[in-house]
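The structure appears below as structure tokens.
Here is how names work: the chains are called A, B, and so on, in the same order as the sequence lines, proteins then strands, and each is numbered from 1. No experiment lies behind these values; they were computed from the predicted model shown.
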Amino acid sequence: MPSLPVPTSEPMRSADLIAFNLKLIERQRLRSAMLLAAIAISVMAINLLTGIGEGGKQFVLAEFNLLGKNVLIMLPGKRETTGGIPPLTGETTRDLTLRDAEAIARLGNVSAVAPLIAGKMEISHDKLSREAFTIGSNRAFFDIRQLDVAQGKALPQLPLEQSQAVCVIGSKLRKELFGTKPALGQWLRAADSRFRVIGILKDKGQGLGFDMNEAIIVPVASAQALFNQAGLFRVFIELRSLDGLQKSQQRILALLKERHEGKEDVTIITQDSLLWAFENILNTLTLAVAGIAGISMLVAGLLIMNVSLIAVSQRTPEIGLLKALGCPARTVALIFLSEASIMALSGALLGILMSELLLYLARELYPTIPFTTPLWAQLGSALIATVTALLFAAIPARKAANMAPVDALLDKKAGQA
Amino acid sequence: MIELQQLCRSFQIGDQCVHALDHIDLKIESGAYLSVMGPSGSGKSTLLNMLGLLDTPSSGEYLLNQTATSPLSEEPRATLRREHIGFVFQSYHLIPRLTARENIELPLILAGMPPKQRRPLLDKVMTRLALSDRAAHAPKQLSGGQRQRVAIGRAIVMKPQLLLADEPTGNLDSTSGREVIELLEELNDEGITLLVVTHDQNIGERARRELKMIDGRIASDSAGNAVATRTDV
Ligand SMILES: Nc1ncnc2c1ncn2[C@@H]1O[C@H](COP(=O)(O)OP(=O)(O)OP(=O)(O)O)[C@@H](O)[C@H]1O
Ligand SMILES: [Mg+2]
């Protein structure tokens with residue numbers, strides 16, 4: 001008679017485990033679809049919100065990289081810059097004047113100053129006319145904003161108070177007003193004034209909210225006349241070196257205070273302060289993302305647990321059978337856990353695909369903002385989904401694994417007839 | 001091969017204690033063919049589950065090939081079931097979402113056997129049970145007799161030494177019931193130890209050894225000497 005050595009048990013092969021679970025999932029389509037949706041939505045929420053946040057951050061960073069770290073932006077009006085984004089528009093307490101700009105330009109560490117007046121204007125050539133973004137500034141504006149001319153030249157070096165009937169236009173505006181005809185040397189009309197086109201800008205994306213391709217740039221004094229407004233909208237100040245940034249900022253503020261009868265009524269924005277403010281917004285957004293994702297994950301997790309608990313009691317005779325066939329407890333647990341992981345991973349994949357699709361549509365709608373979900377967020381969300389699924393499936397899986405074989409098989413509770 | 005010593009199994013129901021198995025002594029040789037009969041509630045299924053290592057005794061000992069099984073934990077017991085014991089149930093216990101062939105394949109899958117090794121074993125069992133043309137059918141597309149043949153296929157695919165059948169013909173008409181019993185007897189002829197629980201007198205009498213149970217005790221054993229050897233260990 002052969003003796004019965006206890007053989008070492010091989011674990012179930014993973015391909016078989018997956019096939020076994022897929023048949024189960026396929027059989028319970030509605031239940032599976034519901035679970036899949038819950039997981040997919042929470043993963044999508046994470047990826048979508050991270051994608052939007054990251055896109056916004058990249059957008060702002062790109063904007064400010066264009067400007068350069070050593071450029072300060074001065075706006076009229078005093079604002080608290082702690083918390084929130086500094087105001088980019090707003091009412092003025094006292095005008096910033098061209099004389100203020102000139103005084104700043106004379107300071108030691110200041111290498112260039114570009115005053116700015118801006119607004120929308122009806123611009124026409126012959127019978128064609130367009131509402132265009134009209135900027136009044138000077139030659140330094142081109143250097144500070146890194147604007148290059150494709151044809152002709154930039155605005156000439158002029159004293160700030162001197163107007164001149166010349167303009168530089170964006171490539172899109174040129175196309176709209178002149179089509180294929182040459183534009184250089186032609187005259188444009190804006191309100192009662194006429195400007196000769198002396199340069200055309202190279203194609204360039206948006207900058208600080210203006211599309212330079214649709215803009216027309218005229219000398220600042222001409223723009224003052226055009227808009228009938230003396231006060232400046234902004235002053236860009238370029239520093240010689242970054243070293244004295246803090247000190248230069250204070251000297252500029254002191255100078256303006258002195259010139260404005262002792263009232264500190266301007267705000268200076270640096271790249272750092274803006275980024276910092278934006279970082280604040282991002283952090284709030286991240287918190288919101290975490291909250292939404294957490295709640296939807298919790299819902300998905302509870303759903304998984306509920307569904308698995310129901311499955312365990314529905315499948316009790318099957319669990320009993322598996323045990324009768326010699327399936328060890330950990331394989332029974334593994335069957336339930338792997339079912340949950342398969343659901344979590346496919347749900348996560350679906351969620352990532354959905355968020356990719358939506359972000360693709362967002363990029364189509366807003367081509368200038370680089371909406372993309374970073375890889376870490378995609379992997380992280382899939383990981384979170386899987387861990388949640390496993391955590392919540394652990395209790396039902398344990399319950400199934402620990403059932404006594406005979407009770408499970410007969411589907412009786414222990415101690416009961 | 002099998003030896004039960006003063007084995008008891010009792011259930012606590014409220015404050016009442018039911019002795020489903022009451023000090024059973026039993027020896028079964030390898031290759032034996034036993035039938036177990038007796039009134040409802042006499043402990044036949046409990047005995048079968050005990051022999052199949054699905055249940056654990058309240059007291060006493062169960063020796064399987066001279067190895068005491070009561071100290072074993074669930075893990076090695078599961079392995080023993082897998083390698084040495086096959087079960088056939090009255091209600092088949094087939095998994096409805098799996099085909100006939102997949103149901104028979106299940107023990108091999110759970111044992112972690114690679115598909116290449118599974119195929120020849122499966123083909124052999126399918127032919128042996130004349131189920132080849134039903135391979136892709138779901139259980140609900142099969143007749144009762146065919147379902148029980150699938151269940152038997154699943155029970156023997158791992159080539160167990162012991163086959164335990166709890167009322168295998170209980171849900172079948174007499175013709176397919178007889179076919180099933182004949183199939184089990186053929187397997188016994190090939191060397192497998194067979195134990196059949198039944199209510200059917202005709203089926204019970206076919207066995208070489210007949211046990212009759214009443215109130216958790218073996219009331220009669222056609223091989224009377226089996227009960228007498230209780231004292232030697
Ligand atoms: N899990 C359990 N919990 C409580 N009592 C049980 C349990 N299993 C069996 N019993 C009791 O043990 C006794 C024997 O039951 P068993 O199922 O072995 O009888 P049986 O001989 O198979 O009967 P039948 O012919 O009706 O199948 C019965 O009194 C039954 O109520
Ligand atoms: Mg019974």
Problem set entry | Pairwise side chain to side chain donor-acceptor pair (under 3.5 Å) hits with a residue in residues 18-29 of chain A, at least two apart | A:Asn21-A:Ser338, A:Lys23-B:Glu102, A:Glu26-A:Arg29, A:Gln28-A:Arg31
Exercise. So A:Arg13 and B:Met113, side-chain contact (heavy atoms from CB on, under 4.5 Å) or not? Walk me through it.
Worked result: CA-CA 8 Å; A:Arg13 297 162 63 86; B:Met113 190 183 282; over 6 Å; no
Exercise. Near A:Arg398 CZ, under 6.0 Å, is it more than 12 heavy atoms from other residues, nucleotides or ligands?
Worked result: no
Problem set entry | Nearest heavy-atom neighbours spanning B:Ala78 and A:Pro328 | CB-CA, 4.2 Å
Exercise. Of the listed residues (B:Pro96, B:Ser45, B:Pro160, B:Pro114), which shares the most heavy-atom pairs with chain A below a 4.5 Å separation?
Worked result: B:Pro114
For this session: Please round to the nearest 0.5 Å and tell me the distance separating atom CG of B:Leu94 and atom CG of A:Leu321.
Result: 8.0 Å
Problem set entry | Distance, nearest 0.5 Å, that separates CZ of B:Phe89 from CG of A:Leu409 | 4.0 Å
Exercise. Looking only at atom types and distance, does a side-chain atom of B:Arg81 sit under 3.5 Å from a main-chain N or O of A:Lys323, one as donor and one as acceptor?
Worked result: yes
Exercise. So with a 6.0 Å cut-off around CG of B:Asp215, is the heavy-atom count from everything else above 12?
Worked result: no
For this session: Could you list the residues that satisfy side chain to side chain contact (heavy atoms under 4.5 Å, CB included) with A:Leu349, not counting sequence neighbours?
Result: none
Exercise. Less than 4.5 Å apart, any side-chain heavy atom of A:Leu325 and any of B:Arg82?
Worked result: no
Exercise. Any ion pair linking B:Arg97 and A:Glu318 (charged N to carboxylate O, less than 4.0 Å)?
Worked result: yes
Exercise. Say you draw a straight line from CG of B:Leu110 to CZ of A:Phe20; how long is it, rounded to the nearest 0.5 Å?
Worked result: 7.0 Å
Exercise. Got more than 12 heavy atoms from elsewhere within 6.0 Å of CD, B:Glu190?
Worked result: yes
Exercise. Where on A:Leu17 is there a heavy atom nearer than 4.5 Å to chain B: the side chain, the backbone, both, or neither?
Worked result: neither
Seminar exercise, completed: Counting heavy-atom pairs under 4.5 Å with chain B, the top scorer among A:Ala329, A:Ala404, A:Cys327, A:Ala324 is A:Ala324
Problem set entry | B:Leu106 and A:Leu322: CA distance, side-chain angles, deciding distance, side-chain contact (heavy atoms from CB on, under 4.5 Å) verdict | CA-CA 9 Å; B:Leu106 192 57; A:Leu322 293 178; 3.9 Å; yes
Problem set entry | Heavy-atom check, side chain of A:Pro405 versus side chain of B:Arg77, under 4.5 Å | no
